[in-house]
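Given the structure is predicted, the values throughout are model-derived calculations rather than measurements. Below, chains carry the letters A, B, ... as their sequence lines are ordered, and counting in each starts from 1.
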Number of protein chains: 2
Amino acid sequence: MNIGDVASFSGLPAKTIRYYEDIGLVQPLRSANGYRSFRQSDVHKLAFLSRARALGFTIEDCRSLLKLYADTERASSEVKQIATEHLARIDQKIAELTEMRATLAHLVDACAGDHRPDCPILADLAMMQEAN
Amino acid sequence: MNIGDVASFSGLPAKTIRYYEDIGLVQPLRSANGYRSFRQSDVHKLAFLSRARALGFTIEDCRSLLKLYADTERASSEVKQIATEHLARIDQKIAELTEMRATLAHLVDACAGDHRPDCPILADLAMMQEAN
DNA sequence: ATAAGGGTTCCACCTGCTGGAAGGTCAATA
DNA sequence: TATTGACCTTCCAGCAGGTGGAACCCTTAT
């Protein structure tokens, strides 16, 4: 399979697939003409990566997950730990964004948004200047 | 004011302040010895930037906001638009993360996380391989 | 023969900093 | 006065995770 086919199959751009090869996540063979030649297992790996990335796992997480995936003797606890840590990071991020959202929504709400220059958003961002 | 003082005052690392000068967000003067010399207005700008960045505005947003801030003739609608677009981006991000979180939490929940190799997390990530 | 549509490499760029090396400056102390 | 230590300076490199483009090769059809 050439890279274009793999791209449409895995949903990853060809550029990304080349990048994944660069950083050692996949090792496709090469045809006589120099084209990358992907085996079924490579395609599976890439689909795996595509899904893992879509769930927000970092590349390093993906590397670990692929290793565990390949090791049929792994303990599921190892996988669960990676996923649990990632879940905590997501929760953290959601909490941060939610707080930002609240503040920002409040400001947007307070701003008339008309032709006049008075703007609570700028006033809040400046704050210190207010005390001036 | 030297960069160290400004850093502790604005809450931004000195490195970041230098970077902000690099990209033209602030233009401090220079003392005879070559040290950056920050006026009150620079310090205010940096505090403004610090708050705007904490609310997740991009650097380019900040650039626009600073320009609007400096322009006492601005229409508040211009500010509101930037903030509203940013709010939408935040909502988008929260939605994505929330979906990720749901899927991941479901998987983590389903995984025994013990010494055995059976793992629904890997199984789900692989999917295609399942059909193999 | 040539044009279209694959593929290849390499290098630069994106966001928003951060770290480190190598050196200049300043105030206080031994 | 020498020297320490805490400042400051510049410049260069790197992080994640790709993306864009240039310049080129390969294959197939017309």
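A salt bridge does not link A:Lys45 to A:Asp42: none of the charged side-chain nitrogens sits closer than 4.0 Å to a carboxylate oxygen.
Enclosure of atom CD in B:Glu96 by more than 12 non-hydrogen atoms of other residues, nucleotides or ligands within 6.0 angstrom is indicated.
Between the CG atom of B:Asp22 and the C1' atom of C:dG19 there is a distance of 15 Å, given to the nearest Å. Rounded to an integer number of Å, the gap from B:Phe57 CZ to C:dC17 P is 15 Å. Between B:Arg53 atom CZ and C:dC17 atom C1' there is a gap of 9 Å when expressed in whole angstrom units. For the pair B:Leu12 CG and C:dC17 P, the interatomic distance rounds to 8 Å; values are reported in whole Å. One can place OH of A:Tyr19 at 10 Å from P of D:dT19, the figure rounded to the nearest angstrom.
For the atom pair CD1 of A:Ile121 and CG of A:Leu104, the computed distance is 7.0 Å after rounding to the nearest 0.5 Å. Rounded to the nearest 0.5 Å, atoms CD (A:Gln27) and OG (A:Ser41) are 10.0 Å apart.
The side chain of A:Thr16 places an N or O atom within less than 4.0 Å of a non-bridging phosphate oxygen (OP1 or OP2) of D:dT19. When the side-chain nitrogen and oxygen atoms of B:Tyr20 are compared with OP1 and OP2 of C:dC17, one or more of them lie within a distance under 4.0 Å.
Using a 4.5 Å cut-off on side-chain heavy atoms (C-beta onward), A:Phe57 and A:Ile82 make contact. Side-chain contact between A:Ile90 and A:His86 is present, with heavy atoms from C-beta onward closer than 4.5 Å.
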Point to revise | Base-contact (B) and sugar-phosphate-only (S) positions in nucleotides 3-10 of chain D, heavy-atom cut-off under 4.0 Å, - elsewhere | key: ----BSBB
